[in-house]
Trainee: 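Below is the structure I would like to discuss, written out as structure tokens.
Note that ligands are numbered from 1 as they come in the structure, with each ligand's atoms numbered from 1 the same way.
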Amino acid sequence: MSPAIPGYQAPTVTVSASLPKKPADKAVLIVPVVGGDDDGAATVVTSPFLDRKAVGEVEAALESLGAKGGTDQVTRVVAPSLPVASVLAVGLGKPRDEWAPDLIRRAAGVAGRSLNGTESVITTLSDLDLDAAVEGLILGAYRFSEFRSDKTAPKDKGLREITALTTVKKASAQRAVDIATAVATARDLVNTPPSHLFPDEFAKRAKALGEAAGLDVEILDDTALAKAGYGGVIGVGKGSSRPPRLVRLAHRGAKRKGKKVALVGKGITFDTGGISIKPAANMHQMTSDMGGAAAVIATVVLAAKQKLPIDVIATVPMAENMPSATAQRPGDVLTQYGGTTVEVLNTDAEGRLILADAIVRACEDNPDYLIETSTLTGAQTVALGSRTPGVMGSDEFRDRVAALSQAIGENAWPMPLPEELKEDLKSTVADLANVSGSRYAGMLVAGTFLREFVAEGVQWAHIDIAGPAYNTGSPWGYTGKGGTGVPTRTMFAALEDISEKG
Ligand code: BES
Ligand code: MN
Ligand code: ZN
């Protein structure tokens with residue numbers, strides 16, 4: 001079945017060993033430049049694709065404009081000897097031996113963001129790192145124009161064609177295109193407003209994406225959820241006129257020795273707080289409260305596209321947290337899937353309630369690893385800011401996920417789950433309370449709550465992306481405003497690593 005809803009279409013990427021003789025009309029050539037010494041202008045990074053004459057033209061133009069080649073600096077110049085309309089020089093700042101892992105991706109992203117209507121680019125950035133250059137360009141050029149009435153405007157059509165120059169023989173950009181497509185798919189889901197993305201619609205989109213990728217798909221509706229005892233999903237969802245769902249997507253790629261990985265993502269399509277209602281200021285940002293679910297869906301689809309030799313099973317609870325006459329009340333007690341009872345002291349701590357059900361269900365499959373991700377706590381942003389996810393869980397696996405995340409530039413950071421915090425989740429009437437009575441360590445308290453539901457022997461990681469899932473600040477690198485797609489690349493890096501090393 002083809003997806004009922006059209007999905008994200010990446011630009012086409014052609015890998016080439018030579019500069020095209022007849023590039024597309026108005027094509028732009030993107031070249032990396034580094035900073036000169038104190039008084040010097042920018043210099044073009046040495047490339048076999050540019051002869052001395054072209055380099056001279058670009059450098060002379062940069063010098064006359066006073067461009068220094070600093071990080072994030074982009075300068076458009078003309079180089080008459082080259083067969084392109086213009087050259088976009090993008091600054092890498094430091095000399096080659098100081099380039100951080102994510103630097104090429106970010107520079108490509110800055111270039112991608114500044115294209116402003118260009119449909120066709122050629123780049124030599126790809127000769128430094130093909131995957132990073134392609135991912136950065138696609139993600140930097142990403143636009144969400146679904147809800148613009150004038151979709152034919154050039155800026156909304158955006159980048160359609162990338163020619164990636166490289167001297168590497170038999171290079172392929174397919175992996176990078178698939179990764180960028182997954183991130184963009186997660187962004188599209190996050191950017192779709194709550195008027196249009198509610199649990200049933202979200203489940204349908206997950207199904208369409210999953211079936212197109214050859215995944216096994218199962219959807220539990222509200223009746224099935226109530227019957228099977230998913231008290232957390234039902235409790236959170238019952239204040240809304242749009243009933244909850246639980247979606248399961250399975251990629252079965254394991255050969256004889258392949259591992260099994262469970263993915264779980266928070267899918268609150270809108271979080272008002274429920275009866276413990278949130279303040280009006282910035283409440284609209286809670287459209288991003290399904291960012292974990294979006295990333296998990298994109299990641300399992302990507303695992304299938306990349307044919308990873310492991311089993312990956314995603315369990316995605318979806319609900320809308322609304323206040324109403326049918327909503328759960330502060331003080332209510334619910335029974336999670338699996339039997340644990342929870343006193344709901346604050347209906348705005350809803351993520352952990354739907355996740356507890358999903359984690360218990362995911363562990364019934366006996367996975368070797370479990371990665372769960374969620375826009376779970378405002379405390380994450382207090383502790384780590386808007387770009388650094390916090391990772392908690394089993395010590396070894398937590399550190400492994402954090403290291404992989406740092407290597408690919410999503411930069412998750414390991415956080416502890418101190419034993420004493422469990423005391424704070426004691427309830428006078430139920431097995432657990434859903435919040436502690438204290439303001440301290442809110443991110444870790446949420447992680448401590450989730451730990452209660454992870455089966456013994458499962459290596460697990462919980463990634464809190466409350467800030468990083470949604471960019472409310474200025475665009476930077478390959479990240480525009482709105483949905484970021486984080487932590488899709490972190491989870492995929494973990495799946496690739498597990499495929500290789502077990
Ligand atoms: N979805 C929010 C967390 C959040 C906050 C995400 C800001 C993105 C940006 C979550 O459901 C929530 O409301 N958490 C509460 C927990 C508290 C009641 C213990 C919070 O962080 O205030
Ligand atoms: Mn909430
Ligand atoms: Zn929430």
Trainee: With a 4.0 Å heavy-atom cut-off (strictly under), which part of Gln380 contacts ligand 1: side chain, backbone, both or neither?
Mentor: neither

Trainee: If I consider every N, O or S atom in Glu350, which one ends up closest to the Mn ion (ligand 2)? I only need its name.
Mentor: OE1

Trainee: Check whether NZ of the Lys or CZ of the Arg Arg187 lies under 6.0 Å from the centre of the six-membered ring of Tyr142 and within 45 degrees of that ring's axis.
Mentor: yes

Trainee: Which atoms of ligand 1 are found less than 4.0 Å from any heavy atom of Asp289?
Mentor: 1 (N)

Trainee: Any luck finding a side-chain donor-acceptor pair between Thr484 and Asn471 under 3.5 Å?
Mentor: no

Trainee: Could you tell me if any non-hydrogen atom of Lys278 lies under 4.0 Å from any atom of ligand 1?
Mentor: yes

Trainee: Can you measure from CD (Glu419) to CG (Leu421) and round to the nearest 0.5 angstrom?
Mentor: 9.0 Å

Trainee: Note the single closest protein heavy atom to atom 14 (N) of ligand 1, along with its residue, its atom name and the distance in Å.
Mentor: Leu376 O, 3.4 Å

Trainee: Specify the protein heavy atom at minimum distance from atom 18 (C) of ligand 1: its residue, its atom name, and the distance to 0.1 Å.
Mentor: Asn346 ND2, 3.5 Å

Trainee: Just say parallel, tilted or perpendicular for the rings of Tyr230 and Tyr337, cut-offs at 30° and 60°.
Mentor: parallel

Trainee: Taking both backbone and side-chain atoms of Arg352, is any N or O found less than 3.5 Å from an N or O belonging to ligand 1?
Mentor: no

Trainee: Considering only heavy atoms, does Val435 approach ligand 1 within less than 4.0 Å through its side chain, its backbone, both, or neither?
Mentor: side chain

Trainee: Do Ser438 and Ser436 have side-chain N/O donor and acceptor atoms under 3.5 Å apart?
Mentor: no

Trainee: Have a look at Asp271 and say which of its N, O or S atoms is nearest the Mn ion (ligand 2).
Mentor: OD2

Trainee: Mind checking whether the Zn ion (ligand 3) has an N, O or S of Lys266 under 2.8 Å?
Mentor: yes

Trainee: Is Thr381 touching ligand 1 with its side chain, its backbone, both, or neither, if touching means heavy atoms under 4.0 Å apart?
Mentor: neither

Trainee: Can you find an N/O atom of Asp348 closer than 3.5 Å to an N/O atom of ligand 1?
Mentor: yes

Trainee: Going by the order shown, which atoms of ligand 1 are within less than 4.0 Å of some heavy atom of Lys266?
Mentor: 1 (N), 10 (C), 11 (O)

Trainee: Salt bridge or not for Asp188 and Arg205, using N-O below 4.0 Å?
Mentor: no

Trainee: Any protein heavy atom sitting closer than 4.0 Å to atom 22 (O) of ligand 1?
Mentor: no

Trainee: Give a yes or no on whether a salt bridge exists between Arg245 and Asp200, defined as a side-chain N under 4.0 angstrom from a carboxylate O.
Mentor: yes

Trainee: Under a plain distance cut-off of 3.5 Å, with no hydrogens placed, do Thr375 and Asp289 share a side-chain donor-acceptor pair?
Mentor: yes

Trainee: Between Ser499 and Ile310 (side chain of the first, backbone of the second, donor and acceptor by atom type, cut-off under 3.5 Å), is there such a pair?
Mentor: no

Trainee: Can Asp431 and Thr341 be counted as having a side-chain donor-acceptor contact under 3.5 angstrom?
Mentor: yes

Trainee: What I want to find out is whether Arg175 reaches Asp178 closely enough, with some N-O distance under 4.0 Å, to be called a salt bridge.
Mentor: no

Trainee: Of all the non-hydrogen atoms in the protein, which one sits nearest to atom 2 (C) of ligand 1, and at what distance?
Mentor: Asp271 OD2, 3.6 Å

Trainee: With a cut-off of 2.8 Å, does any N, O or S atom of Glu350 fall short of it relative to the Zn ion (ligand 3)?
Mentor: yes

Trainee: Considering Met290, Met443, Glu350, Met286 one by one, which has a heavy atom nearer to atom 7 (C) of ligand 1 than any of the others?
Mentor: Met286

Trainee: Fit a plane to each ring of Phe144 and Phe147, take the angle between them on a 0 to 90° scale, and name the class: parallel (under 30°), tilted (30 to 60°) or perpendicular (over 60°).
Mentor: tilted

Trainee: Suppose you place the vertex at the Zn ion (ligand 3); what is the angle out to Asp271 OD2 and Asp289 OD2, to 10°?
Mentor: 90°

Trainee: Considering only heavy atoms of Thr375, which atoms of ligand 1 have at least one such atom less than 4.0 Å away?
Mentor: 1 (N), 2 (C), 3 (C), 6 (C)

Trainee: May I ask which of Ala379, Gly378, Gly442 has a heavy atom nearer to atom 5 (C) of ligand 1 than the others do?
Mentor: Gly378

